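Structure first, commentary second.
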Amino acid sequence: MSFSYNTKSELCRFKPEQTCCDTAESYGVLMFCNTFTAGEIRIITGNHTLGSRLVEMFESAFSVSFDIMPEPEKKGKQAYIITAPGKLNRIFDKFGISPESLLAHHVNLGVLEEECCRRSFVRGAFLAGGAITNPEKSYHLELVTDHFNVSRETYSLLLDMGFSPKETSRSGNYIIYFKQSAAIEDFLALIGAPIHAMELMSAKIEKDMRNSVNRKVNCDTANVIKTVDASIAQIKAIRHIEDAGMFDILPEKLRQTAEIRVSNPELSIKELAELSAPPVTKSCLNHRLRKLVEISKGI
């Protein structure tokens with residue numbers, strides 16, 4: 001199962017703090033579900049755990065059952081539908097909405113006065129219209145609805161709750177999203193998914209460590225290549241001096257440096273400096289090697 005699926009399954013195991021939270025969570029589901037009109041409520045999900053929660057939640061919040069439900073053994077996407085006018089009116093009344101005069105949905109903040117209800121509303125929004133990517137690949141969490149006002153008002157609600165989401169639109173839908181791992185962790189923990197918040201945090205730490213190791217390996221590899229290239233050039237210069245019969249007339253310190261370099265082609269400048277007798281500084285030995293290369297070029 002996907003990370004998003006498992007996150008929603010964890011949320012479905014969360015027990016609401018109070019009875020009013022069932023109503024608030026149902027409200028979030030309705031505002032972000034597939035269809036919420038005066039003639040029909042249609043919630044489609046492929047998560048069986050969420051399907052069971054919807055049945056319990058609507059019974060607790062509105063004392064209504066779904067008119068159409070999927071077969072118990074059915075796999076894949078499932079539709080939970082209410083079309084009975086009496087049930088629809090009861091649900092609309094709960095949120096102070098008149099189906100006859102409804103032109104566009106708005107979030108009734110009067111239903112969300114308590115902090116626990118605000119968290120529940122956002123949980124419902126994520127359960128119905130949310131998605132989150134696998135944190136091992138990228139960081140992205142979004143809430144999608146086809147109601148412009150609902151998206152804007154939920155965005156403002158999240159700002160009041162201390163978040164700083166982004167907004168965009170896609171294919172006629174309105175999207176609130178997070179891209180920063182820390183914000184997604186806080187969001188998941190707030191709405192009742194601390195386990196997946198921790199998994200995201202662990203994935204980020206592991207990814208950061210892996211990137212750090214890769215950077216170090218790349219840096220070390222680059223240094224090795226640089227050392228090898230320099231060694232090859234220096235040894236080539238020393239051989240050229242020998243072939244020209246000029247090795248024996250070199251100053252003693254340069255001859256010693258040349259002999260150490262040829263005998264230890266794999267060593268760094270620092271290691272060669274320590275082998276000198278007496279030991280010299282890295283800067284000093286590097287200067288001698290540059291001098292040998294200059295002499296070679298002058299021959």
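In this chain, residues are counted from 1 in sequence order. Remember, predicted model here, so these are calculated numbers, not experimental data.
By the salt bridge (charged side-chain N to carboxylate O under 4.0 Å, His left out) test, Arg210 pairs with Glu206, sequence neighbours left out. By the side-chain hydrogen bond (donor to acceptor under 3.5 Å, both in side chains) test, Tyr80 pairs with Gln78, sequence neighbours left out. With sequence neighbours excluded, the residues satisfying ring pair (Phe, Tyr, Trp, His ring centres under 6.0 Å) with Phe92 are Phe36. The side-chain hydrogen bond (donor to acceptor under 3.5 Å, both in side chains) search around Glu136 returns none, not counting sequence neighbours.
Checked by atom type, the side-chain pair Asn47/Ser9 shows a donor-acceptor distance below 3.5 Å.
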Per-pair distances, 0.1 Å, donor-acceptor, side chain in residues 276-285, under 3.5 Å, sequence neighbours excluded:
| from | atom 1 | to | atom 2 | distance (Å) |
| --- | --- | --- | --- | --- |
| Ser276 | OG | Leu272 | O | 3.3 |
| Thr281 | OG1 | Cys284 | N | 3.0 |

Using a 3.5 Å cut-off and no angle test, enumerate the donor-acceptor pairs between side-chain atoms of residues 178-193 and protein atoms at least two apart in sequence or in another chain.
| from | atom 1 | to | atom 2 | distance (Å) |
| --- | --- | --- | --- | --- |
| Lys179 | NZ | His140 | ND1 | 3.0 |

Below 3.5 Å, can you tabulate the donor-acceptor pairs from side chains in residues 160-173 to any protein atom, sequence neighbours excluded?
| from | atom 1 | to | atom 2 | distance (Å) |
| --- | --- | --- | --- | --- |
| Glu167 | OE1 | Arg152 | NH1 | 2.4 |
| Glu167 | OE2 | Arg152 | NH1 | 2.8 |
| Arg170 | NH2 | Glu142 | OE1 | 3.1 |

Pairs under 3.5 angstrom only: tabulate donor-acceptor contacts from the side chains of residues 263-270 to other protein residues two or more places apart or in another chain.
| from | atom 1 | to | atom 2 | distance (Å) |
| --- | --- | --- | --- | --- |
| Ser263 | OG | Glu259 | O | 2.9 |
| Asn264 | ND2 | Ile260 | O | 3.0 |
| Ser268 | OG | Glu271 | N | 3.3 |
| Ser268 | OG | Glu271 | OE1 | 3.3 |

Could you list the donor-acceptor pairs under 3.5 angstrom formed between side-chain atoms of residues 233-252 and any protein atom two or more places apart in sequence or on another chain?
| from | atom 1 | to | atom 2 | distance (Å) |
| --- | --- | --- | --- | --- |
| Gln234 | OE1 | Arg261 | NH1 | 2.9 |
| Arg239 | NH1 | Glu242 | OE1 | 3.0 |

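Other residues, nucleotides and ligands contribute more than 12 heavy atoms inside 6.0 Å of the NZ atom of Lys207. More than 12 heavy atoms of other shown residues, nucleotides or ligands fall within 6.0 angstrom of atom NZ in Lys87.
The other members of the hydrophobic cluster of Ile205, by chain and number, are Met198, Met201, Met209 (side-chain heavy atoms under 4.5 Å, ILVMFWY only). Hydrophobic cluster of Phe14: no remaining members, since no ILVMFWY side chain lies below 4.5 Å from it.
To the nearest 0.5 angstrom, Glu199 atom CD is 5.5 Å from Phe3 atom CZ. Here OG of Ser4 is found 4.5 Å from CZ of Phe126. Values are rounded to the nearest 0.5 Å.
Counting only residues at least two apart or in different chains, salt bridge (Lys or Arg N to Asp or Glu O under 4.0 Å) contacts with residues 37-54 comprise Glu25-Arg53, Glu40-Arg42.
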